[in-house]
Amino acid sequence: MGKALFITGTGTDIGKTYVTGLIVKKLVDAGLRAGYYKAALSGAEVAADGTLLPGDALHVARVAHLAAEDTTVSYVYRDAVSPHLAAQIEDRPMDFDKVERDFRAAKERTEYLTVEGSGGIICPLRWDNEEHVILDDLALRLGLSALVVADAGLGTINAAVLTAEHLKMRGIPLRGFIFNNWQGGAMQEDNVRMVEILTGARVLACVEHGAAKLPMAADALAALYQ
Ligand SMILES: Nc1ncnc2c1ncn2[C@@H]1O[C@H](COP(=O)(O)OP(=O)(O)OP(=O)(O)O)[C@@H](O)[C@H]1O
Ligand SMILES: C[C@H](N)[C@H](N)CCCCCC(=O)O
Ligand SMILES: [Mg+2]
C-alpha cells in the first residue's frame, strides 16, 4: 500500500494540475513509483467521438511520463462548473463508496499517490436531496494531508491564510504551500514571509511560469506523503 498526498489550491485555475505534473515528474525522475488520482473533474474536453476526456490526468501523465493505468479519475463531467452542478446537469451523482474504492485501488498500485482536488478546498462535489458532500469532507474520509497551491502574487496572503485556517478547522493536516507563477521581487518575497508567519506552514517551493521542473528535492517531496 502506497502513501498519498492531497493537492488542493486557493481556488480553481490556480495551477494545481500544472504543479501536480511537476510533483509527479520529480518523483518519477527520482526512480519512485508514482500515481495520480482525482475524484471528480468537471469542464472536460470532448473527444471527436463524444468521449469526455480527463484532461488533468492526461496532462500529468504526459508531463511525468506515467502510464495511463497509473492515473485514475473517478468521475468526468462535461460542464465547466462546480462538480456538484455538473453532476446534477448530467444526473450522474457521485457515489463516495466508489470514490473510496478507486482511491484505495490507486494507492495499492503505487508507492506515492498524488491526489488532486477540484477547485479550492470548499468545492461541492455532491449537493442533492440525498447527499451533501464538499471536497474537505472527502479529504477527511480518505485520511489525506494537504499541500496547498497558491499564486505568488498580490492577494495570496488572504487566500492562502483562509485556506490554511479552513484546513485547520476541519482537522486536515497542512504539509505546506507551493507558490505558483513565481516572479520574485520584494512583494512576492514578502508574501512568502507573511504566509509562513500567519499559517505556521512553510512555502516549500516557488514555481515560475513555464517551469519544467519542481524546485524541490525529491526526498523532501516524498517525505510529505503519508
Ligand atoms: N506555472 C505555470 N506555468 C505555465 N502555465 C501554467 C502554470 N500554472 C498554471 N498554468 C496554466 O494555467 C491554467 C490553469 O492551471 P491548472 O489547470 O493547473 O489549474 P487547476 O488549479 O488545476 O484548475 P482546476 O481547478 O480546473 O483543476 C492551465 O492552462 C495551466 O497550463
Ligand atoms: C470547472 C473548473 N475548471 C473546475 N474543474 C471546477 C471548479 C469548481 C469551483 C467551485 C467554486 O469555488 O465556485
Ligand atoms: Mg486541475
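Note that the structure is a prediction, hence the values are computed from the model and not measured. As the structure lists them, so they are numbered: ligands from 1, and atoms in each ligand from 1.
Within the structure, the closest approach of Glu208 to ligand 1 falls below 4.0 Å when heavy atoms are considered. Using a 4.0 Å cutoff on heavy atoms, Ser118 does not count as a contact of ligand 2. For the pair Gly210 and ligand 1, a heavy-atom separation below 4.0 Å is found.
Taking only nitrogen or oxygen atoms, main chain and side chain alike, Gly117 does not reach within less than 3.5 Å of ligand 1. Ligand 2 has no N or O atom lying under 3.5 Å from any N or O atom of Ser82, backbone or side chain. Close N/O approach between Ala211 and ligand 1 is not found [any backbone or side-chain N/O within under 3.5 Å]. Considering backbone and side-chain atoms together, Val207 places no N or O closer than 3.5 Å to any N or O of ligand 1. Taking any N or O of Ser118, backbone or side chain, none lies under 3.5 Å from an N or O belonging to ligand 1.
Between the NZ atom in Lys107 and the CG atom in Leu142 there is a gap of 9.0 Å [rounded to 0.5 Å]. Rounded to the nearest 0.5 angstrom, Lys25 NZ and Ile23 CD1 are separated by 13.5 Å.
Remark: of the listed residues Lys3, Gln226, Arg175, Gln226 is the sole one forming a side-chain hydrogen bond (donor to acceptor under 3.5 Å, both in side chains) with Ser145. Exactly one of Val76, Leu41, Thr20 qualifies for a side-chain contact (heavy atoms from CB on, under 4.5 Å) with Asp56. That residue is Leu41.
Closest to atom 17 (O) of ligand 1 among all protein heavy atoms lies Thr17 CB, 4.0 Å. At the shortest separation from atom 12 (O) of ligand 1 among protein heavy atoms lies Asp13 O, 4.8 Å. Atom 11 (C) of ligand 2 has its closest protein heavy atom at Ile122 O, 4.8 Å. The protein heavy atom nearest to atom 8 (N) of ligand 1 is Asn180 ND2, 2.9 Å. Closest to atom 26 (O) of ligand 1, if we only count protein heavy atoms, is Thr12 OG1, 3.5 Å. Annotation: atom 20 (P) of ligand 1 to nearest protein heavy atom, Lys16 N, 3.5 Å. Residue, atom and distance of the protein heavy atom nearest to atom 31 (O) of ligand 1 are Tyr18 CD1, 3.9 Å. Looking only at heavy atoms of the protein, atom 16 (P) of ligand 1 is closest to Gly15 CA, 3.8 Å.
Near Ser42, meaning under 4.0 Å from one of its heavy atoms, ligand 2 places the atoms 1 (C), 4 (C), 5 (N), 6 (C). Heavy-atom contacts of Glu116 reach the following atoms of ligand 1: 22 (O), 27 (O) (cutoff under 4.0 Å). If you number the atoms of ligand 1 from 1 as listed, the ones under 4.0 Å from a heavy atom of Lys38 come out as 27 (O). Using a 4.0 Å cut-off to heavy atoms of Gly119, the atoms of ligand 1 that qualify are 25 (O). Short contacts between ligand 1 and Asn181, defined as distances under 4.0 Å to a heavy atom of the residue, involve ligand atoms 1 (N), 2 (C), 7 (C). Of all atoms in ligand 2, numbered sequentially from 1 with element shown, those under 4.0 Å from a heavy atom of Thr12 are 2 (C), 3 (N), 4 (C), 7 (C). Atoms of ligand 1 found under 4.0 Å from any heavy atom of Asp56 (numbered from 1 in listed order, with element): 27 (O).
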Chi angles and distances behind the salt bridge (Lys or Arg N to Asp or Glu O under 4.0 Å) call for Asp190, Arg193: CA-CA 5 Å; Asp190 183 69; Arg193 227 178 351 262; 3.4 Å; yes
Worked verdict on Arg141 versus Asp137 for salt bridge (Lys or Arg N to Asp or Glu O under 4.0 Å): CA-CA 6 Å; Arg141 173 168 172 168; Asp137 301 313; over 6 Å; no
Stepwise side-chain hydrogen bond (donor to acceptor under 3.5 Å, both in side chains) check, Thr156 with Asn191: CA-CA 7 Å; Thr156 203; Asn191 283 344; over 6 Å; no
Residues Glu100, Arg104; criterion salt bridge (Lys or Arg N to Asp or Glu O under 4.0 Å); working and verdict: CA-CA 6 Å; Glu100 184 160 2; Arg104 300 219 177 280; 3.1 Å; yes
Residues Tyr36, Thr110; criterion side-chain hydrogen bond (donor to acceptor under 3.5 Å, both in side chains); working and verdict: CA-CA 9 Å; Tyr36 172 89; Thr110 191; over 6 Å; no
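Not one N, O or S atom of Tyr18 sits under 2.8 Å from the Mg ion (ligand 3).
Distances from the Mg ion (ligand 3) to each N, O or S atom of Glu116 single out OE2 as the nearest.
Remark: Lys26 fails to qualify as a cation-pi partner of Tyr112 under the 6.0 Å distance and 45° angle criteria applied to the six-membered ring.
More than 12 heavy atoms of other shown residues, nucleotides or ligands fall within 6.0 angstrom of atom CG in Asp49. Annotation for Lys168: atom NZ does not count as buried by contact number, only 12 or fewer foreign heavy atoms lying within 6.0 Å. A 6.0 Å sphere centred on CD of Gln183 holds no more than 12 heavy atoms belonging to other residues, nucleotides or ligands. Heavy-atom contacts from other residues, nucleotides or ligands closer than 6.0 Å to CD1 of Ile197 number more than 12.
At least one protein heavy atom sits closer than 4.0 Å to atom 6 (C) of ligand 1. The nearest protein heavy atom to atom 29 (O) of ligand 1 is not closer than 4.0 Å. Atom 3 (N) of ligand 2 is approached by the protein to below 4.0 angstrom, counting heavy atoms only.
When non-hydrogen atoms are compared, ligand 1 lies under 4.0 Å from neither the backbone nor the side chain of Val149. The residue Leu41 has no part lying near ligand 1, judged by heavy-atom distances below 4.0 Å.
Counting heavy atoms from C-beta on, the side chains of Trp127 and Ile134 come closer than 4.5 Å. Counting heavy atoms from C-beta outward, Glu111 and Tyr225 have side chains that stay 4.5 Å or more apart.
Nearest approach of Arg78 to Val46, heavy atoms of both residues: CG-CG2, 4.4 Å.
Residue nearest to atom 9 (C) of ligand 2, selected from Gly11, Gly55, Gly119, Ala40: Gly119 (by heavy-atom distance).
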